[in-house]
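Report on the structure given below.
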Amino acid sequence: MPIYGQIQSFGVTNILVVIVRYFGGTKLGVGGLISAYRTAAQMTLEISPIITKTINVHYLISFDYKNINKVMRVIKEKNIEIITQKMELNCEIEIATRQKNAESIFNTFNSMFEIEIKNKD
């Protein structure tokens with residue numbers, strides 16, 4: 001529990017903290033062990049790089065060039081990341097958005113006239 005408490009206080013997920021204690025002949029007692037495990041976990045998490053990752057959904061948007069302003073306006077308003085784009089007579093833009101926003105983004109583009117959106121496989 002002291003190790004898990006430190007993981008919670010740092011607000012991290014998908015992590016493994018391993019602490020190995022060699023018995024050196026001195027009995028720490030329950031309180032001493034709790035303190036030792038908590039301090040070791042805290043020190044480990046303080047010096048470890050924490051990488052933030054998001055789960056993204058990729059979509060492919062297809063449209064005629066005449067509709068580029070409508071599409072780009074939505075992309076800019078919603079701060080959507082553009083992965084690739086092909087701007088010709090028939091345009092295609094691959095976008096990425098956080099999974100929690102994916103349904104909203106899909107519905108926004110799906111409701112627009114002459115614009116097709118589909119999941120990028």
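Start at 1 with the first residue, then count along the sequence. Predicted, not measured: the structure shown is a model, and the values here were computed from it.
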Tell me whether the count of non-hydrogen atoms from other residues, nucleotides or ligands lying under 6.0 Å of [atom1] in [X] goes above 12.
| X | atom1 | result |
| --- | --- | --- |
| Ile55 | CD1 | no |
| Lys86 | NZ | yes |
| Met87 | CE | yes |

Are [Y] and [X] connected into the same hydrophobic cluster when the rule is that any two of I, L, V, M, F, W, Y join if their side-chain heavy atoms are below 4.5 Å apart?
| X | Y | value |
| --- | --- | --- |
| Val18 | Leu33 | no |
| Ile51 | Leu45 | no |
| Tyr22 | Leu28 | no |

Close aromatic pair by centroid cut-off 6.0 Å: Phe109 and Tyr59: no
Are [X] and [Y] packed together at the side-chain level, in the sense that at least one heavy-atom pair is separated by less than 4.5 angstrom?
| X | Y | answer |
| --- | --- | --- |
| Ile3 | Arg38 | no |
| Met1 | Tyr37 | no |
| Val74 | Met112 | yes |
| Ile95 | Ile83 | no |

What are the two closest non-hydrogen atoms of [X] and [Y], and how far apart are they?
| X | Y | result |
| --- | --- | --- |
| Ile105 | Ile117 | O-CD1, 4.5 Å |
| Thr97 | Ala102 | CG2-CA, 3.8 Å |
| Ile82 | Met72 | CD1-CE, 3.9 Å |
| Phe10 | Gln42 | CZ-O, 4.0 Å |
| Ile34 | Pro2 | O-CB, 3.7 Å |
| Ile61 | Phe63 | CG2-CD2, 3.7 Å |

Qualifying residue, where the test is side-chain contact (heavy atoms from CB on, under 4.5 Å) with Val57 and the options are Lys120, Gln99, Arg98, Glu103: Gln99
Calculate, to the nearest 0.5 Å, the distance between atoms [atom1] and [atom2] belonging to [X] and [Y] respectively.
| X | Y | atom1 | atom2 | result |
| --- | --- | --- | --- | --- |
| Glu94 | His58 | CD | NE2 | 6.0 Å |
| Ile68 | Lys66 | CD1 | NZ | 13.5 Å |
| Ile15 | Gln6 | CD1 | CD | 11.0 Å |
| Leu89 | Asp64 | CG | CG | 6.5 Å |
| Asn110 | Ile115 | CG | CD1 | 10.5 Å |
| Thr13 | Gln8 | OG1 | CD | 12.0 Å |

Donor-acceptor pair, side chain of Lys70 and main chain of Phe113, under 3.5 angstrom: yes
Sidechain-backbone polar pair: Thr39 side chain, Ala36 backbone, donor-acceptor under 3.5 Å: no
